[in-house]
Amino acid sequence: MRPLIAGNWKMYKSASEVRFFCEEIQKKIGQLSVDLAIFPQAVHLPLFSTIFTATKQNHFFWGPQNIHYKEMGAFTGELSPLAAKEFGSEMVIIGHSERRQFFGETNTSAAERALGAITFGLQPIFCVGETLEEREANRTMEVIDQQLAPLFSLVKEPSSSFSIAYEPVWAIGTGKTATALQAQEVQQQIRKRIESSWGKENAAKCRILYGGSVKPENAKEILSQPDVDGALVGGASLEVGSFLSIAAAANQ
Ligand code: PGA
């Protein structure tokens with residue numbers, strides 16, 4: 001499976017910083033044999049489509065950090081999947097733990113957004129993960145099962161390039177990474193859950209990413225695990241150099 005290295009830019013970068021990053025990465029992405037994706041603030045999506053449309057690379061994608069599940073409507077402050085697609089978006093992050101923690105995203109609303117994404121032709125990266133207290137109470141898989149249950153009941157068939165990102169909340173932005181073994185253990189279980197809900201073929205096709213303090217220094221070990229098919233990278237995706245080093249680690 002071709003790995004996916006995705007950069008979640010959260011609420012960072014000005015327009016000129018976005019332009020700089022895009023121009024730099026454009027010079028280098030031809031040489032990679034992984035898929036790369038960037039998730040900027042939605043307001044910057046048009047910059048991606050302007051910069052990359054003329055030289056659209058097959059394995060370079062972008063998209064928003066969230067979308068609504070309807071194509072349009074009276075939903076102040078939300079982003080339509082169709083509007084995101086107008087600017088070349090092909091993927092979308094769904095259910096990130098910061099959406100769950102600060103903006104009331106629930107397991108059900110995240111599943112609805114994933115279904116909306118698929119309906120309107122965006123490939124979701126659906127995020128799951130436990131808090132430190134949940135891990136310490138040995139509840140990791142119980143929590144992940146709860147996060148996945150509405151997804152499996154609403155989405156009967158995943159899209160062609162559906163991803164699940166395992167992001168332990170205690171590892172996001174903290175500098176604490178799950179060990180490669182911890183990531184593998186959970187991701188192997190997630191693959192089994194995909195297989196029992198969506199079947200063997202989809203389990204082999206869905207990419208399971210790891211996210212949480214992935215950096216050039218730890219990327220190779222994590223990405224070498226059999227059930228780690230890529231990474232969702234926050235802080236280390238903000239610089240072209242570190243983002244590409246992580247991509248290179250996936251390449252090896
Ligand atoms: P981090 O963020 O790499 O800065 O820990 C990961 C994420 O939030 O997706």
Side-chain angles (χ1 to χ4, degrees), residues 1-13 21 24-25 28-29 31-40 59-62 65 91 93-101 125-136 138-141 143-144 147 163-192 194 206-252:
M1 187 176 332
R2 198 178 168 98
L4 169 63
I5 305 300
N8 173 11
W9 280 0
K10 310 192 180 189
M11 207 172 72
Y12 293 106
K13 284 202 189 288
F21 183 104
E24 285 299 298
I25 207 161
K28 294 171 180 145
I29 46 181
Q31 309 147 12
L32 293 164
S33 55
V34 300
D35 285 351
L36 287 185
I38 294 284
F39 299 90
H59 297 290
F60 183 70
F61 307 92
W62 59 88
Q65 299 164 9
M91 294 186 177
I93 298 174
I94 301 285
H96 189 276
S97 66
E98 286 151 18
R99 297 299 314 164
R100 296 171 186 267
Q101 192 179 346
I125 297 179
F126 189 87
C127 303
V128 296
E130 82 288 3
T131 62
L132 190 57
E133 299 79 71
E134 290 161 345
R135 173 162 280 269
E136 285 173 348
N138 275 327
R139 294 185 52 227
T140 299
M141 279 323 294
V143 169
I144 291 174
Q147 292 168 335
S163 304
I164 290 182
Y166 168 53
E167 297 207 305
V169 178
W170 48 271
I172 296 178
T174 57
K176 282 188 207 158
T177 327
T179 63
L181 217 65
Q182 282 172 323
Q184 168 57 23
E185 241 169 44
V186 173
Q187 300 197 190
Q188 184 178 37
Q189 292 303 316
I190 293 176
R191 179 110 43 217
K192 286 189 182 147
I194 300 173
C206 279
R207 283 188 283 210
I208 308 177
L209 315 182
Y210 169 79
S213 297
V214 176
K215 299 181 210 68
E217 307 82 69
N218 59 26
K220 191 170 173 211
E221 200 189 345
I222 294 173
L223 289 163
S224 64
Q225 298 299 311
D227 288 297
V228 178
D229 308 314
L232 182 53
V233 187
S237 71
L238 293 167
E239 273 189 49
V240 177
S242 54
F243 189 56
L244 286 179
S245 304
I246 293 170
N251 230 352
Q252 289 167 358

So do Arg207 and Asp35 actually touch side chain to side chain, heavy atoms under 4.5 Å? yes
Might you point out which heavy atoms bring Phe39 and Ala6 nearest each other, and give the distance in Å? CE1-CB, 3.8 Å
Output all residues satisfying side-chain hydrogen bond (donor to acceptor under 3.5 Å, both in side chains) with Glu167, sequence neighbours left out; order by chain, then residue number. His96
Applying ring pair (Phe, Tyr, Trp, His ring centres under 6.0 Å), can you list everything that pairs with Phe21, at least two apart in sequence or on another chain? Trp9
Which pairs with one or both residues in residues 228-245 pass salt bridge (charged side-chain N to carboxylate O under 4.0 Å, His left out), sequence neighbours excluded? Arg191-Asp229
Contact summary for Ala171 and Tyr210, nearest pair of heavy atoms: CB-OH, 3.6 Å
Taking side chain as C-beta onward, heavy atoms only, is Lys13 less than 4.5 Å from Leu238? yes
Evaluate the side-chain proximity of Val186 to Met141: yes if any heavy-atom separation is below 4.5 Å, no if none is. yes
Just wondering, do Arg139 and Glu130 contact through their side chains at under 4.5 Å, heavy atoms? no
Enumerate the residue pairs fulfilling side chain to side chain donor-acceptor pair (under 3.5 Å) with a member in residues 215-225, sequence neighbours excluded, ordered by first and then second residue. Thr177-Asn218
How long is the straight-line distance from SG of Cys127 back to CG of Leu232, given to the nearest 0.5 Å? 5.5 Å
Output the distance between atom CZ (Phe243) and atom NZ (Lys28), rounded to the nearest 0.5 Å. 13.0 Å
Once rounded to the nearest 0.5 Å, what's the spacing between atom CG of Leu132 and atom NZ of Lys176? 6.0 Å
What's the separation between atom CD1 in Ile29 and atom CG in Leu36, rounded to the nearest 0.5 Å? 7.0 Å
Expected output: side-chain Arg100 to main-chain Gly95 donor-acceptor under 3.5 Å: yes
To check you understand the geometry: which heavy-atom pair defines the closest contact between Ala178 and Ile222, and what is its length? O-CD1, 4.2 Å
Minimum heavy-atom separation for Ala165 to Ile125, with atom names? CB-CG2, 3.8 Å
Where is the tightest heavy-atom contact between Val34 and Ala250, given as atom of each residue plus distance? CG1-CB, 3.9 Å
Answer with yes or no whether the side chains of Trp170 and Glu133 bring together a donor and an acceptor at under 3.5 Å. no
Distance from Thr179 atom OG1 to Glu185 atom CD, nearest 0.5 Å? 7.5 Å
Taking every heavy atom of Val228 against every heavy atom of Ala183, the minimum-distance pair comes out as CG2-CB, 4.5 Å
For Gln184, side-chain hydrogen bond (donor to acceptor under 3.5 Å, both in side chains) partners two or more places apart: Asp227
Heavy atoms, side chains only, cut-off 4.5 Å: are Val214 and Ile5 in contact? no
Stepwise side chain to side chain contact (heavy atoms under 4.5 Å, CB included) check, Ser237 with Asn8: CA-CA 7 Å; Ser237 71; Asn8 173 11; 5.6 Å; no
A side-chain contact here means heavy atoms from C-beta on lying under 4.5 Å apart; do Leu223 and Pro3 qualify? no
Would you say the side chain of Glu98 lies within less than 4.5 Å of the side chain of Gln65, judging by non-hydrogen atoms? no
Counterpart residues, side-chain hydrogen bond (donor to acceptor under 3.5 Å, both in side chains), relative to Gln188 (two or more places apart): none
Contact between Cys206 and Ile164 at the side-chain level, heavy atoms closer than 4.5 Å - yes or no? no
Drop me the distance from Ser163's OG to Met91's CE, to the nearest 0.5 angstrom. 6.0 Å
